[in-house]
K.L.:
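I have a structure I would like to understand better, so I am pasting it below and will then ask my questions one at a time.
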Amino acid sequence: MTGTAAFMVGYGIGLGILAGYLLHLWRSARAMSRRERNGS
Amino acid sequence: MLAMHGRWVRIYWAGSLALVPLSLVLALWYAPIDETMGPIQKIVYLHVPAAINAFLACAVVSFASVAYTWQRRPEWDDLAHAGAQVSVVFCTVVLLTGMLWGRQTWGHWWAWSPRLTFSLVLLLLYVAYLLIRPAVHSPERRALVCAVYGTIAFLDVPLVYLSTRLLPDIHPSEMDLSGPMQTTMFAWLLTITLLAGGMVLTRFSLNSRARKLEHPDEGGVAPGPHPRIPGARA
């Protein structure tokens with residue numbers, strides 16, 4: 001793997017993990033809003 | 001966006017997320033290629049801010065843990081839990097980007113050097129923190145156990161930081177950046193710090209809302225030291 005490919009893979013993995021966690025938070029927030037509306 | 005409401009929160013998230021492509025442009029095209037390390041050096045713009053924010057998230061866990069031990073308010077436990085999740089996320093980013101850098105620079109993915117070993121221990125400590133939580137059923141006992149654990153776990157952070165300064169280590173202890181490289185590093189530090197702060201606050205808000213849904217009678221006030229057991233005498 002060349003240096004350019006390695007650093008692009010690194011950014012892909014790093015930002016992918018952060019995006020995945022943000023998506024998880026967003027879905028949790030939506031589920032929480034539904035629970036609060038239903039009162040359970 | 002996410003758990004917190006209000007126009008300012010949406011502006012915060014929109015601004016933070018908009019900084020990501022701008023920072024990427026800086027890293028890809030504005031920052032020059034390092035003469036000695038080559039293109040792989042550019043991974044430090046993500047690696048270093050992620051490490052700093054992993055430390056900050058660990059500090060949040062430690063601060064909230066001490067505060068819970070002092071005041072016994074469940075909000076501090078919510079905050080410590082949020083910090084632990086975010087620290088695991090950022091420690092994972094740090095280790096994976098560091099391994100890619102090591103493969104290109106040292107020729108191998110991993111070395112059991114003090115910095116790398118203490119960093120791996122840091123990740124495992126906070127993964128263990130998250131695994132301990134569901135294992136303790138009483139909310140008060142869980143919060144106290146995690147507060148003690150969260151306070152002690154932070155002791156690994158200074159070990160990670162000082163390891164390259166006090167011990168012989170393959171990992172570089174400091175990096176001399178100037179001009180466009182320094183500007184790019186500051187841009188990434190701002191972006192990642194804003195994202196990390198938003199993540200902690202959102203997770204904290206979700207934890208608090210979940211607790212209030214499960215215990216609506218407590219209204220956010222810490223329950224007594226001895227939880228009521230259904231059917232037991234008062």
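Order of the sequence lines fixes the chain letters, A, B, ..., with proteins taken first and strands second; residue numbering starts at 1 for each chain. What you see below is based on every heavy atom in this structure, not just the backbone, and it leaves out hydrogens, waters and symmetry mates.
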K.L.:
If the test is side chain to side chain contact (heavy atoms under 4.5 Å, CB included), which one of B/V93, B/T92, B/V88, B/V86 qualifies with A/Y21?
P.N.:
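Per the side chain to side chain contact (heavy atoms under 4.5 Å, CB included) rule, the option paired with A/Y21 is B/V86, out of B/V93, B/T92, B/V88, B/V86.
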K.L.:
Sequence neighbours excluded and cut-off under 3.5 Å, please list the side-chain donor-acceptor pairs for residues 182-189 of chain B, or say none.
P.N.:
unit_1, atom_1, unit_2, atom_2, d
B/T183, OG1, B/G179, O, 3.1
B/T184, OG1, B/P180, O, 2.7
B/W188, NE1, B/S23, O, 3.0

K.L.:
Name the region of B/F90, side chain, backbone, both or neither, that has any atom closer than 4.5 Å to a heavy atom of chain A.
P.N.:
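The answer is the side chain of B/F90.
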K.L.:
Select one option (side chain, backbone, both, neither) describing which atoms of B/L195 are under 4.5 Å from chain A's heavy atoms.
P.N.:
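The side chain, not the backbone.
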K.L.:
Going through the checks in order, is the salt bridge (Lys or Arg N to Asp or Glu O under 4.0 Å) test met by B/R73 and B/D78?
P.N.:
CA-CA 9 Å; B/R73 291 186 65 83; B/D78 297 336; over 6 Å; no
K.L.:
Quick check on A/Y11 against chain B: is it the side chain, the backbone, both or neither that has a heavy atom closer than 4.5 Å?
P.N.:
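Both parts, heavy atoms under 4.5 Å.
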K.L.:
Going by atom types alone, do B/T164 and B/D169 pair a side-chain donor with an acceptor below 3.5 Å?
P.N.:
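Not at all, the side chains of B/T164 and B/D169 share no donor-acceptor pair under 3.5 Å.
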K.L.:
Under a 4.5 Å heavy-atom cut-off, does chain A meet the side chain of B/I192, its backbone, both or neither?
P.N.:
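Only the side chain of B/I192 comes within 4.5 Å of chain A.
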